[in-house]
Amino acid sequence: MLTNQMNRTKVVVVGNGMVGHHYVEQLRNLNANCEIVVIGGEPRPAYDRVHLSEYFNGKTAEDLALTTREHYEATGIQAHFGDEVLAIDREQKQVVTRGGRRFDYDKLVLATGSYPFVPPIPGNEHKRCLVYRTIDDLGAIKANAADSKIGVVIGGGLLGLECANALLNLGLEVHVIEFAPGLMGVQLDPGGSGMLRRKIEELGVSVHTSTATQKIEVLPDSDPHHLRMVFADSEEPLDTDLIVFSAGIRPYDQLARESDLRVGDRGGVVIDHHCTSSDPDIYAIGECASLGNFIYGLVAPGYRMAEAAASQLSDDKVSFTGADMSTKLKLLGVDVGAIGDSTGRADGVQEYVYSNAKEGIYKRLVVSADYSRLLGAVLVGDCTDYDMLLQYYLNEIELPEMPESLIVPSSDGAPLLGAGALPMTATVCSCLNVSKGDICASIDNGCCSVADVKSETQASTGCGGCAALLKSIVDDEMLSRGMTVNTDICEHFSYTRQDLFHLIKVGEIKSFDALIEQHGQGLGCDICKPAVASILASLWNEHVLQPEHAPLQDTNDRYMANIQKNGTYSVVPRIAGGEITPDKLIVLGEIGKQYNLYTKITGGQRIDLFGARLEELPEIWGTLSEAGFETGHAYGKALRTVKSCVGTSWCRYGQQDSTTMAIFIENRYKGLRSPHKIKSAVSGCTRECAEAQSKDFGVIATETGWNLYLGGNGGMKPRHADLFATDLDDETLIKYIDRYLMFYVRTADRLQRTSVWLDNLEGGLEYLKEVVIEDRLGLCAELEQQMENIVGTYQCEWKAAIDDPDKKKQFRQFVNSDKQDSAVVLVEERKQLRPATDEELDDNMIAKVS
Amino acid sequence: MGTTTTFREVSASTVLCTIDDLIENAGVCALFDGPNGEEQIALYYLPAQSPSVYALNNWDPLGKANVLSRGILGSLNNTLVVASPLYKQHFSLVSGECLEDSTVKVKTYDVDVIDNKIVLQGQKEATASLSLDSPNSAA
């Protein structure tokens, strides 16, 4: 052990951005015999810089974080933040930080990234001249925007336009100043660039191209604005309140320069295919590295470099030989895609262009001289063809006879690139580096749905851009394996649950018998009956034990309690938000004592009473009901609990009254029957004590309102909920939840939790936003109305049952005797009762307890 | 098969309950104090079928609890079945066979509806052993 420790390779990683962090993860996964030291110049560990602008949409630094200090510590990694490395001592093999600390290394990894280039314009040092790179930069932009009306972005590239979007979201009048003749000149040809400009201007952004800023002047305090920009030529000056420079990046290679490592002509640490610098013990990865005089300014190539560099410390060495720079993104809501040689600069190339001014769509294909191969493409306004075109490009697939058919809309639709035509090596998901071969292997290993493949391979869990392609590959592969996907709910109905919901709703069908007579065959079964019972309840909300409904219910719903292994039931009264008075606690305790029930606290902040016999249930509920308890629906595919913390009422950190909100939500949706159970939680601040992000819908308080998270799950397949909307007021929050829940109830499969439903929803979270927030389907009013009906017709099922002798009668153990089930045998453990085990029963040692 | 099976009647007919005690399209449980001691009998009432009442022993041999009367009724490939409420295996209402595991079978009973009474016919005891694959010819 000791020798092992002494022989460990000391790896020091300088820089903890996305790529540096990825390197650490990779190295750790290799289980190489290493001691890893991370030194980050920023005060916080790695975060998601790609989604930085979401910081303005309510995401916090925590939301963007890729890791935490605690996580590093727990995995045995020494991490130091906020103390940047100032020098490398290659002789001693040490690095020295600003704080004077020295760290020994055997191998050094430079992942220092890049910094924003600020053009040398006089006046650019003013405190209202900012850059857009780190969370701290964003904080500064936000702070300065507070007393600003106009904001200028210098730079019309990809990042500049992202930044313009951020300023727009902050409510500013926005101007983009670009030195070159067009926006996004690196990726787009003049046609695409022009279309993008038009669309951006329609959003109210003023674009100034071929414009060079000469100087920035400070305006007197009496002036309504702070700064004046003076331009070359005869351009009018522009008054503004803040300026953000986003005119490209420069590799952060100062350390390398000062320690005499080779540096590229355009900056960047020169590396070989193993990501090794001119010093064999020093690697460089990401935006600070230069391979063949090229700086890869995207995250995916950075990740591939990190993987290659990490592999050098293992037996399985991988090379980095360059990367595809194709990219697809939404800039200010405009879809933009650029593939390969998008600007078509090479000699002898041919092109196809489709431009539609009315729809605002521009597409251009760059093809080889013989028209057989795709060399590049530009898409503006519509990126639906991106995935297909990218596959043609990456895999050098022969183009169809008329390549224009790929971009020109026709009544027959574009010829589809069959998923079967893709080679196994084709990269389907470039974020997570998943190939078609990986997907096929996962299907061979038993995956049989898009959701299965996603969770197995991680495909489409990054940007999600490959979702449609992934689905067509999965469908195609399943078909070619003869695996048909039968979506019929069972042999009695040739319909999906969603179809049945529609049939029942439109036909106003009120019973299972009527439905099977009109649309099914046979008698039904334990699959379709509970599913139909649930739909009937979601739509008409009649009592589950009404004579025509009772036989449809699964045993838990049928007896409104949860069956346990020995045939007894557990009882869970509703404790909304987990708030309960001492008096009510005493009632529960007394009932537990009286009926000899095993009592346990649940994960949903309630109390579960186990071991009630069937015939005892009405009596127990009589007492509970009298004490003011209502049924908790722990037995139903229905809303379960809304967990809460104590929020502003007690907690010194609380930002909103989370308990009151949780109780309100629980009481609003209690009794709603749904395809599967629904859990929720409300946290009073971002510390998230109620664990709302692991719920079907979670609410987290902010300074000004509530953030809504959807599709979370704990349990068997944990899924972090997605941030859906931010800073909502009470009314909007409830409106969105109403619509979301009803849309889920309408469209989900039987026993499909919201997490899987959302994963399978075509168009995913963005589509859900369009439906719920923008009312794209024109459904919102109806969804809300439906929810109002459910809320308005709520009754406590148990109270109704004990008030009705016919329903109460159903709880007899024997129709002809008052005796008890003699097979229920209990033993004592830790002063409570539990069912006897098989061994205990076999030993016949147990005295029956009744 | 070839096994000769004879039966010996060991008890007379017994009235278990009335038809009003049954629940349409679902099960209830009756206690029968018979020659072999107390037996729990699950009674299923399917008014649209003929016969309309079926009876199985209430013990779920896979779930190991007296719960079969609480299962959902239905048909699978034209076989009338009850699904165990514990682990959802299906048992034929006619033969008692488990559709998922042919080695498992629950006891069936002969019941009739006479003057709105549910009558359990004389309990018979097999005097020669039945081979496993032979159908229960007691009916």
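Letters go in sequence order (proteins before strands), and every chain restarts at 1. Being a predicted model, the structure only gives us computed values, none of them experimental.
For chain B, the option among A:Cys490, A:Gly567, A:Pro551 with the highest count of heavy-atom pairs below 4.5 Å is A:Pro551. When each of B:Gly63, B:Ala65, B:Gly71, B:Cys17 is checked for heavy-atom pairs under 4.5 Å with chain A, B:Ala65 comes out on top. In terms of heavy-atom pairs under 4.5 angstrom with chain A, the leader among B:Val67, B:Leu73, B:Val28 is B:Leu73.
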Across chain B and chain A, going purely by atom type as modelled, what donor-acceptor pairs are there at a distance under 3.5 Å?
residue	atom	partner	partner atom	Å
A:Glu491	OE1	B:Asn77	N	3.4
A:Glu491	OE2	B:Asn77	N	3.0
A:His492	NE2	B:Ser75	O	2.7
A:His492	NE2	B:Ser75	OG	3.3
A:Leu523	N	B:Ser75	OG	3.0
A:Gly524	O	B:Ser75	N	2.9
A:Asp526	OD1	B:His90	NE2	2.7
A:Lys529	NZ	B:Leu73	O	2.6
A:Asp554	OD1	B:Lys88	NZ	3.1
A:Gly567	O	B:Arg70	NH1	2.8
A:Tyr569	OH	B:Arg70	NH1	3.1
A:Arg812	NH2	B:Asp21	OD1	3.4
A:Gln813	OE1	B:Arg70	NH2	3.4
A:Val815	N	B:Cys29	O	2.8
A:Asn816	OD1	B:Leu31	N	2.8
A:Asn816	ND2	B:Leu16	O	3.3
A:Asn816	ND2	B:Leu31	O	2.8
A:Lys819	NZ	B:Glu38	OE2	2.3
A:Asp821	OD1	B:Gln40	NE2	2.9
A:Asp821	OD1	B:Asn66	ND2	2.9

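Within the 4.5 angstrom heavy-atom criterion, only side-chain atoms of B:Leu86, from C-beta onward, approach chain A. Both the backbone and the side chain of B:Leu76 come within less than 4.5 Å of a heavy atom of chain A. Heavy atoms of B:Leu80 lying under 4.5 Å from chain A belong exclusively to its side chain. At a 4.5 Å heavy-atom cutoff, the contact between A:Leu614 and chain B is made by side-chain atoms alone.
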| Which is it for A:Cys525 and B:Val81 under the side chain to side chain contact (heavy atoms under 4.5 Å, CB included) test, yes or no, and what are the steps along the way? | CA-CA 8 Å; A:Cys525 64; B:Val81 293; 6.0 Å; no
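In this structure the side chain of A:Pro530 reaches within 4.5 angstrom of the side chain of B:Ile72, judged on heavy atoms.
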